[in-house]
2 protein chains.
Amino acid sequence: MAETFRKEIVQRITKNLLDIQMLRLIQTQPMWGYKIKKQVEAKFGVRLRHGALYPLLNNLERKGFLTSEKQRQGGRTRKVYTITRKGIQYVEAYNSILKEQLEGF
Amino acid sequence: MAETFRKEIVQRITKNLLDIQMLRLIQTQPMWGYKIKKQVEAKFGVRLRHGALYPLLNNLERKGFLTSEKQRQGGRTRKVYTITRKGIQYVEAYNSILKEQLEGF
DNA sequence: TGAGATATGTCTTAAAAAGGACATATAGTA
DNA sequence: TACTATATGTCCTTTTTAAGACATATCTCA
C-alpha cells in the first residue's frame, strides 16, 4: 500500500509541479525537450506528452526561467535549455518550502 | 522576488495537494471543516471555498483516510474528523518523497 | 526502404476543476 | 432585530487543463 501511495503522490507532484521538476532537471545540466521528456518519464513514472512539454518549455523561456540555444547535429536541430538566475531562485524557493513542510506545522 | 516565488509556490502546493495538507493538519489534532478552512487560509494564504472543502472531506472519509464523528454544541453540529492509519500512511509517503526531493536527483 | 527513435511544434476537442450561487440553521453581538 | 460568524451541504456554469491528433523532418538500424 505504501508503495502504491508513493507512486500516486510522485505522479501528482510531477503533474502539478512539472515546471519545477523540469527546472530542477535542467539545473543539473542543460537539456533539450526530448531528453527532458525521457528523463521525467523514467524518473517519475509518468507519461509526458510532447504536446504539453514543448509549449511549457517555451513558456518558461518567455517568463525568464530558461534560456535556449539551438544546436545543430547534422541536419537535426536541438533546442538546448539552460536555467537562468531567476529559474534557480524559483527552485530554491521550492526547496525552502519543502524543508519547512518536513519540519511540520 | 524570492518572497513572491514563495507565496506562489505555497499556493500551488496548497491547491494541488490540498488533501495532503488537510490530512497533515488533522494529524496534529482532530478538526472540523470550518476550522480546517480557517487554518488553511491563515497558514497558506489561499482562499478555500467551502463548496470545495466539504465534498473533499466527505471524499477523504469515503476513501478511508479520515473518520468523522458528529459533535453537538448546543443546537449546532460539528463534524469532527480524525485521521486513520491509512491517512497517516499517505502523509508518511508524502514526507518521504519530500525528503528525496531535497536530497536531489 | 521501411520502421522506430529522435526532435519540435500547433490545434481541436473532451474531461476536470474552479467559482459562485443556492440552501439551511445556530450563536453571538451591536 | 439585523448583521456577522460559525457550520455543513449541493448544484450549475464557466474556465482551465488534459488527451490526442495533425504536422514535419532527420537519424539509425535491420
Side-chain angles (χ1 to χ4, degrees), chain A residues 8-22 25-26 29-63 65-82, chain B residues 8-22 25-26 29-63 65-82:
Chain A
E8 187 188 310
I9 296 167
V10 167
Q11 285 177 3
R12 286 181 62 189
I13 291 174
T14 309
K15 238 184 176 180
N16 297 312
L17 306 172
L18 179 60
D19 54 342
I20 296 174
Q21 303 307 324
M22 276 166 45
L25 253 179
I26 297 163
Q29 59 176 304
M31 225 176 277
W32 56 98
Y34 192 83
K35 191 175 178 183
I36 291 163
K37 178 177 145 75
K38 290 293 163 186
Q39 297 233 332
V40 166
E41 287 178 341
K43 277 174 197 290
F44 303 117
V46 294
R47 171 106 205 283
L48 181 52
R49 290 168 307 106
H50 74 269
L53 172 67
Y54 293 115
L56 178 55
L57 280 168
N58 289 326
N59 198 261
L60 288 172
E61 187 176 16
R62 202 174 39 75
K63 284 194 204 154
F65 294 106
L66 294 174
T67 50
S68 73
E69 191 200 346
K70 283 202 174 158
Q71 280 183 9
R72 284 255 164 84
Q73 297 240 321
R76 188 186 286 169
T77 312
R78 278 179 184 164
K79 204 167 158 185
V80 177
Y81 290 92
T82 305
Chain B
E8 188 189 310
I9 296 167
V10 167
Q11 286 179 1
R12 286 180 62 189
I13 291 174
T14 308
K15 237 183 178 183
N16 296 312
L17 307 172
L18 178 61
D19 54 342
I20 296 173
Q21 303 308 324
M22 277 166 44
L25 254 178
I26 297 164
Q29 58 176 307
M31 224 176 275
W32 58 96
Y34 193 82
K35 190 174 180 185
I36 291 164
K37 178 178 144 72
K38 291 292 163 189
Q39 297 233 332
V40 165
E41 286 177 344
K43 278 175 195 288
F44 303 118
V46 294
R47 169 107 206 283
L48 182 51
R49 291 171 307 106
H50 74 269
L53 172 68
Y54 294 115
L56 179 56
L57 280 168
N58 289 326
N59 199 260
L60 288 172
E61 188 177 16
R62 201 173 42 72
K63 284 192 203 155
F65 293 106
L66 294 174
T67 50
S68 73
E69 190 199 346
K70 283 202 175 159
Q71 280 181 8
R72 284 254 162 85
Q73 297 243 317
R76 188 185 286 169
T77 311
R78 278 177 185 166
K79 203 166 157 187
V80 177
Y81 289 93
T82 305

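So you know, we letter chains A, B, ... as the sequences are listed, proteins then strands, and number each from 1.
Taken from NZ in B:Lys79 to CD in B:Glu61, the straight-line distance is 5.5 Å, to the nearest 0.5 Å. Between atom CH2 of residue B:Trp32 and atom CD of residue B:Gln71 there is a gap of 8.0 Å, rounded to the nearest 0.5 Å. A distance of 7.5 Å separates CD1 in A:Ile36 from OH in A:Tyr81, rounded to the nearest 0.5 Å. B:Ser68 OG to B:Ile26 CD1: the interatomic distance, rounded to the nearest 0.5 Å, is 10.5 Å. Atoms CG and CG, on A:Leu17 and B:Leu17 in that order, are 6.0 Å from each other to the nearest 0.5 Å. Expressed to the nearest 0.5 Å, how far CD of B:Glu69 lies from OG1 of B:Thr82 amounts to 7.0 Å.
When every heavy atom of B:Thr14 is checked against every heavy atom of B:Gln21, the shortest pair comes out as CA-CG, 4.4 Å. A:Val80 approaches A:Pro30 most closely through the heavy-atom pair CG1-CB, 3.8 Å. Of all the heavy atoms in B:Tyr54 and B:Tyr34, the pair that sits closest is OH-N, 3.7 Å.
Between A:Glu41 atom CD and C:dA5 atom P the separation is 12 Å, expressed in whole Å. Rounded to a whole Å, the CD atom of A:Gln71 is 15 Å from the C1' atom of C:dT6. The OH-C1' distance, from A:Tyr81 to C:dG9, rounds to 10 Å in whole Å.
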Which atom pairs link the protein and nucleotides 10-20 of chain C when you take only N or O atoms and keep those under 3.5 Å?
residue : atom : partner : partner atom : Å
C:dG19  : OP2  : B:Arg49 : NE           : 3.3
C:dG19  : N7   : B:Arg49 : NH1          : 2.6
C:dG19  : N7   : B:Arg49 : NH2          : 3.4
C:dG20  : N7   : B:Arg49 : NH1          : 3.4

Close N or O pairs between protein and nucleotides 27-30 of chain C (under 3.5 Å):
residue : atom : partner : partner atom : Å
C:dA27  : OP1  : B:Gly75 : N            : 2.9
C:dA27  : O4'  : B:Arg76 : NH2          : 2.7

Would B:Arg12 and A:Asp19 count as a salt bridge (charged side-chain N to carboxylate O under 4.0 Å, His left out) here? Give the steps. CA-CA 12 Å; B:Arg12 286 180 62 189; A:Asp19 54 342; 2.8 Å; yes

When you look at B:Arg72 and B:Arg78, which way does the side chain to side chain contact (heavy atoms under 4.5 Å, CB included) test go after all the steps? CA-CA 6 Å; B:Arg72 284 254 162 85; B:Arg78 278 177 185 166; over 6 Å; no

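A 4.0 Å heavy-atom criterion places the boundary nucleotides of DNA chain D facing chain A at D:dA18 to D:dC27, written 5' to 3'.
In this structure, A:Lys35 reaches neither bases nor backbone, as no heavy-atom distance under 4.0 Å exists between it and the strands shown. Nucleic acid contact for B:Lys38: sugar-phosphate only, since backbone atoms but no base atoms lie under 4.0 Å from a heavy atom of the residue.
The side chain of A:Lys37 contributes no N or O atom lying less than 4.0 Å from OP1 or OP2 of C:dA7.
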